[in-house]
Amino acid sequence: MKTPLVFAARLRFVGVLAVLALLLTAWPAAAAPAASSILDDEAFRADVNAGLERLYKMDFAGAEGVFAQIDQRYPGHPAGPFLKALVPWWNILLDPENPSHDAQFMEAMDQVVARSEQRLRKNPKDLDGLFFKTGAFAFRARVHTYRDRWMKAAQDGRRALSNLKELHRRQPQNDDLYFGLGLFDYLVDAVPREHRFLGVFARMFARGDRQRGLAELERAATRGRFVQAEARFALYQVHYIFEKNPDKALENLAWLRQRYPTNALFQLEEGKVYANQGRWAESAVLLQQVAELQVEGQSGYSGALAEKALYWLARGEMAGRRFDGALEYLDRLDHLAAERNYNAYFQAAGRLRRGMSYDALGRRQDALRCYREVLSMGRGAGDDVRDRARELLEKPFSG
């Protein structure tokens, strides 16, 4: 049986399938000379890069300020709401199970589509309209996957892919576009092999190619101008979840961590990989920092990320048979989870581990209570966690 974290990571990454052409920050290189585009504006590109640097460094207030200025400078342009939506988007990334940022984000994407279509009605070849409309469809698809709206995700994913191919036809040498193309080629080929229930959605798209997708993602990561960070993170996920190559995964995380050492998500992921390799000491250094910086209120170090860090710290204590130490971390996890108004995966996984620790300490009745609580949490707990709880109701965990 897959461990809870691996299972959860797979499900979240499977959500990318419907995005396919997820551009996120895939700003094209300069448009063809005959086209007039905001993307040709050196000042615009410099401001975007400045905002993105702040975003990846978890300076959300700073990024929001830069993007708001861009929106004021170019009134009515789809770039404004697209960029401003990146801050709520990152809040979604930091806690994908929390829908509280969805409405703000989806409203911004709808505004991007409306502004883009207005431009395209005036000029069907308008590059800006095509580009930002593509990005909006891709983003909307990603959110739909988080909420299990698979048909809507597939529909928006198809729209994004169609537009992406048109952009690539017009700019075949644009290395940044290979990020979206690479995601499409890899995921449409790889995901249905491991998650057959998604095969019906994959058939809605052209055939992908796993190896070509990897090569395209590598091209975007090494030669892209604006998507290197996104391509590196995608390569990390691909190598870690599907290719089962932790060394390559860590290689891409090392690039991200060196460039963005204050990015909480990249830090957590590195700690997670070390933990899965049994490198508990290295993992603990990173995960302790995530938990501590959350307490200090550091930007980007959310309660959801701290829960995951505490979960893995507890796993490390359990691996060393320090079950009392594991319970201390799980107490902190429960304290954070109590602030939610919805059941989350790591809340349930932590409760499962609490029960296992009680079992190992000979506290069977406390353990049984935890397993029953897991089963009462509903879908948010995850099938793998509930299945394990049912097993442990019948047979105690021995450690």
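The chain is numbered in sequence order, starting from 1.
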H239 vs N252, test: side-chain hydrogen bond (donor to acceptor under 3.5 Å, both in side chains). Steps then yes/no. CA-CA 9 Å; H239 285 298; N252 284 284; 4.6 Å; no
Under a 4.0 Å N-O cut-off, is there an ion pair linking [X] with [Y]?
{"X": "D71", "Y": "R115", "value": "yes"}
{"X": "R232", "Y": "E218", "value": "no"}
{"X": "E243", "Y": "R210", "value": "yes"}
{"X": "K248", "Y": "E251", "value": "yes"}
{"X": "R223", "Y": "D176", "value": "no"}
{"X": "D366", "Y": "R354", "value": "no"}

Just jot down the salt bridge (Lys or Arg N to Asp or Glu O under 4.0 Å) partners of [X], sequence neighbours excluded, or say none.
{"X": "E394", "answer": "none"}
{"X": "R140", "answer": "D110, D156"}
{"X": "R54", "answer": "none"}

Sidechain-backbone polar pair: S283 side chain, Y274 backbone, donor-acceptor under 3.5 Å: no
Please answer whether the main-chain N or O of K122 pairs with a side-chain N or O of D126 as donor and acceptor at a distance below 3.5 Å. no
Do the non-hydrogen side-chain atoms of M106 and H144 ever get within less than 4.5 Å of each other? yes
R372 and L393, any side-chain heavy atoms less than 4.5 Å apart: yes
Please work out whether the ring planes of F44 and Y74 are parallel, tilted or perpendicular, with thresholds of 30° and 60°. perpendicular
Below 30° counts as parallel, above 60° as perpendicular, anything between as tilted: where do the rings of F132 and F82 land? perpendicular
Would you say the side-chain atoms of [X] and [Y] include a donor-acceptor pair closer than 3.5 Å?
{"X": "E97", "Y": "Y146", "value": "no"}
{"X": "Y236", "Y": "E270", "value": "no"}
{"X": "Y329", "Y": "E317", "value": "no"}

Residue list, ring-ring contact (aromatic ring centres under 6.0 Å, His included) with F266, at least two apart or on another chain: F233
Which residues pass the ring-ring contact (aromatic ring centres under 6.0 Å, His included) test with F105, sequence neighbours left out? W89, F139
What's the verdict on side-chain hydrogen bond (donor to acceptor under 3.5 Å, both in side chains) for Y371 and D359, showing C-alpha distance, side-chain angles and the deciding distance? CA-CA 11 Å; Y371 302 145; D359 257 341; 2.8 Å; yes
Residue pairs involving residues 294-306 (criterion side chain to side chain donor-acceptor pair (under 3.5 Å); sequence neighbours excluded): Q267-Y301
